[in-house]
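Down below is the structure, laid out as structure tokens.
Any value given below was found using the heavy atoms of this structure, including those in side chains, with hydrogens, waters and symmetry copies removed. In what follows, residues are counted from 1 in the order of the sequence shown. It should be emphasised that the depicted structure is a prediction, and the values quoted were computed from it without experimental measurement.
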Amino acid sequence: MRLLIITHVQHRLKDGHYYGYGPYVKEMNLWIKHSDTVEVVAHQIKGNIDPIDLPYSKEVIFTRIPQLSLLSLKKLLQCVYKIPMICYRLFKAMRNADHIHLRCPGNIGLLGAIVQIVFPSKLKTAKYAGNWDPKAKQPWSYTLQKKILSNTFLTKNMNVLVYGNWPGQSKNITSFFTASYQKSAIPEINTLTYVAPYKMIFVGSLSPGKRPMYALEFIKKCLESAIDISLDFYGEGNQREAIEKYIKNHKLENNVTLHGNQNATVIREAYLNSHFLILPSKSEGWPKVIAEAMFWGVIPLGTSISCVPWMLDHGKRGVLVSLDLEKDVTAFAKAISNPSKLQMMSHASQEWSHQYTLDQFEEAIKQFLCG
């Protein structure tokens, strides 16, 4: 079977192997495992391989396309000649494929969703990794992708994999999940001792969408409230400089550490040595780091978006933050005043997360590939 993957993820070439963002490649290797030939349509960039990047598990046919951006007038005008060329390459790749797999949302995912319309008989899947909540306010391109993918007249023979259960969906919409660990990795239920000093981690890109600055302000407010706590950042992004400046200006060097991008082994050790994870994102699909933290018994603090309230059982498996600093720190102080309740929350989070393993994930993928 020839599998076609269409993605906005940037790739780098090293020693004849294509590398991409680790969590994405790790998942795609499960799809690739059950395919004979794989073609990837994506943007290629130069530069050194990042510690978080991984290679595909087998050789792929790589079809290079330019990156699309709508962030300035100049880049918008460049799209006028880029889009027809991208669509032509997508058409050729789809024509040769047995199974078409779209990674959405994103500009390339949108073009893929449009071009796939002319291949109604091809087997197809689309992984919508963003927030599928019909009430969510999103960019017009995301909304358009959702409308095309859920329209069974335009989009035929496709399973659209989304996070969460939402009412009034078309028959091709399938509630799905993601996973990071094998069933064999499930540990015994870990009983943590919730006493100060508390250790909190942030895992994700240091970008406005993940709100790392809010996590930093949260820690500062906790320290001002006499809560003995530290925060470790794992990730890189365009807000790193601002974070470093904030740490220096507020003399937080002894309480906040930036580790940059790290591999899965380092992140696993970070989970095992932490009490809490904070992820005050603006938008999420299935926040993998929350599920990963819960797998090891780390109690997550997350915003009430997408399927996060369901993941945290509306506060029984974690803490939902309101993004009101005063209220959130007060709620956190109340939570840590009851260590036995925190242990129950940790146990519940582990039991829930242990349901979603790579074994179960791979079995579902095999069924989608075979139709």
Side-chain angles (χ1 to χ4, degrees), residues 3-11 18 20-21 23-25 27-28 31-32 38-45 56 60 62-71 75-76 78-79 82-95 97 99-120 122-134 136-152 154-164 166 169-170 172-174 176 178 205 209 283-286 288 306 365 368-369:
L3 172 66
L4 170 64
I5 302 167
I6 297 170
T7 177
H8 62 275
V9 171
Q10 295 180 332
H11 289 66
Y18 284 95
Y21 179 60
Y24 151 80
V25 173
E27 177 184 331
M28 293 320 304
W31 294 79
I32 288 172
V38 180
E39 180 176 3
V40 176
V41 179
H43 178 57
Q44 182 181 338
I45 58 175
Y56 289 107
V60 301
F62 193 87
T63 299
R64 189 185 309 177
I65 55 174
Q67 190 173 30
L68 290 179
S69 176
L70 307 177
L71 298 181
K75 291 181 178 179
L76 188 61
Q78 289 175 345
C79 290
K82 285 182 180 180
I83 288 176
M85 181 261 286
I86 292 173
C87 288
Y88 175 70
R89 291 184 183 176
L90 291 176
F91 176 85
K92 283 183 63 179
M94 288 185 187
R95 186 177 58 190
H99 187 106
I100 300 165
H101 181 68
L102 304 180
R103 305 297 295 190
C104 301
N107 293 330
I108 302 305
L110 173 58
L111 295 181
I114 293 171
V115 177
Q116 63 82 28
I117 294 172
V118 302
F119 296 97
K122 297 270 187 180
L123 276 176
K124 290 169 279 188
T125 48
K127 174 73 175 289
Y128 194 91
N131 184 359
W132 192 261
D133 184 352
K137 293 182 179 179
Q138 296 179 318
W140 68 268
S141 61
Y142 285 26
T143 302
L144 180 57
Q145 284 171 72
K146 291 162 76 171
K147 287 183 177 180
I148 294 172
L149 294 174
S150 60
N151 186 315
T152 54
L154 297 175
T155 301
K156 298 183 184 297
N157 220 16
M158 176 186 281
N159 283 296
V160 183
L161 314 179
V162 307
Y163 298 134
W166 309 102
Q169 298 300 304
S170 55
N172 68 333
I173 306 301
T174 302
F176 205 51
T178 192
S205 64
S283 181
E284 286 289 348
W286 174 288
K288 187 179 285 188
S306 187
I365 288 171
F368 290 128
L369 283 171

What's the spacing between Leu102 CG and Leu110 CG if we round to 0.5 Å? 10.5 Å
Hey, does the side chain of Gln138 reach the backbone of Asn131 with a donor-acceptor pair shorter than 3.5 angstrom? yes
Using the test side-chain hydrogen bond (donor to acceptor under 3.5 Å, both in side chains), find all partners of Arg64 that sit at least two apart in sequence or belong to another chain. Gln44
Rounded to the nearest 0.5 angstrom, the OG1-CZ distance for Thr125 and Phe368 is 8.0 Å
Does Trp166 reach the side chain of Ile173, with side-chain heavy atoms less than 4.5 Å apart? no
Taken in chain and number order and not counting sequence neighbours, the residues that satisfy side chain to side chain contact (heavy atoms under 4.5 Å, CB included) with Pro66 are Lys82, Met85, Ile86
Taking salt bridge (charged side-chain N to carboxylate O under 4.0 Å, His left out) as the definition, give me every residue that meets it alongside Lys127, ordered by chain and number, with sequence neighbours left out. Glu27
Ser150: which residues meet the side-chain hydrogen bond (donor to acceptor under 3.5 Å, both in side chains) condition with it, sequence neighbours left out? none
Looking at every non-hydrogen atom in both residues, tell me the closest pair between Tyr163 and Phe176 and how far apart they are. CD2-O, 3.6 Å
So which atom in Tyr21 and which in Val9 form the shortest heavy-atom distance, rounded to 0.1 Å? N-CG1, 3.8 Å
For Thr155, does its backbone N or O pair with a side-chain atom of Gln116 as donor and acceptor, under 3.5 Å? no
Would you name the heavy atoms of Cys104 and Leu149 that are closest together and state the gap between them? SG-CD1, 4.2 Å
Out of curiosity, Ile114 CD1 to Leu90 CG, how far, rounded to the nearest 0.5 Å? 10.0 Å
Nearest 0.5 Å, please: how far is CZ in Arg89 from OG1 in Thr63? 8.0 Å
Contact check, side chains of Pro105 and Lys146, non-hydrogen atoms, under 4.5 Å: no
Tyr142 and Gly106: which non-hydrogen atoms are nearest, and at how many Å? CE1-N, 4.2 Å
Restricting to side chain to side chain contact (heavy atoms under 4.5 Å, CB included), what partner residues turn up for Ile117, sequence neighbours left out? Ile148, Leu154
Does any part of the side chain of Ile32, heavy atoms only, come nearer than 4.5 Å to the side chain of Ile5, both counted from C-beta? yes
Looking at every heavy atom in both Ser141 and Asn107, which two are closest together, and how far apart are they? OG-OD1, 4.4 Å
One should read off an interatomic distance between Asn172 CG and Asn157 CG, to the nearest 0.5 angstrom, of 10.5 Å
Closer than 3.5 angstrom, by distance alone: can the side chain of Lys122 be matched with the main-chain N or O of Arg95 as a donor-acceptor pair? yes
Checking Phe119 now: which residues fulfil ring-ring contact (aromatic ring centres under 6.0 Å, His included) with it, not counting sequence neighbours? Phe91
Main-chain N/O of Glu284 paired to Ser306 side chain as donor or acceptor, under 3.5 Å: yes
Supply the atom-to-atom distance Met28 CE to His101 NE2, rounded to the nearest 0.5 angstrom. 4.0 Å
What pairs with Tyr24 under side-chain hydrogen bond (donor to acceptor under 3.5 Å, both in side chains), at least two apart in sequence or on another chain? Tyr56
Partner residues of Ala42 under the side chain to side chain contact (heavy atoms under 4.5 Å, CB included) criterion, sequence neighbours left out: Thr7, His11, Val40, Phe62
Please identify each residue that fulfils side-chain hydrogen bond (donor to acceptor under 3.5 Å, both in side chains) with Thr143, with sequence neighbours left out. none
May I ask you to test the Leu68-Leu111 pair for a side-chain heavy-atom distance under 4.5 Å? yes
Could you pull out all residues at least two apart from Gln10 that satisfy side chain to side chain contact (heavy atoms under 4.5 Å, CB included)? His43, Ile45, Gln67
Report yes or no: does Ser170 contribute a side-chain atom to a donor-acceptor pair with the main-chain N or O of Asn151 at less than 3.5 Å? no
On a heavy-atom basis, the closest approach of Ala126 and Met158 is CB-SD, 3.7 Å
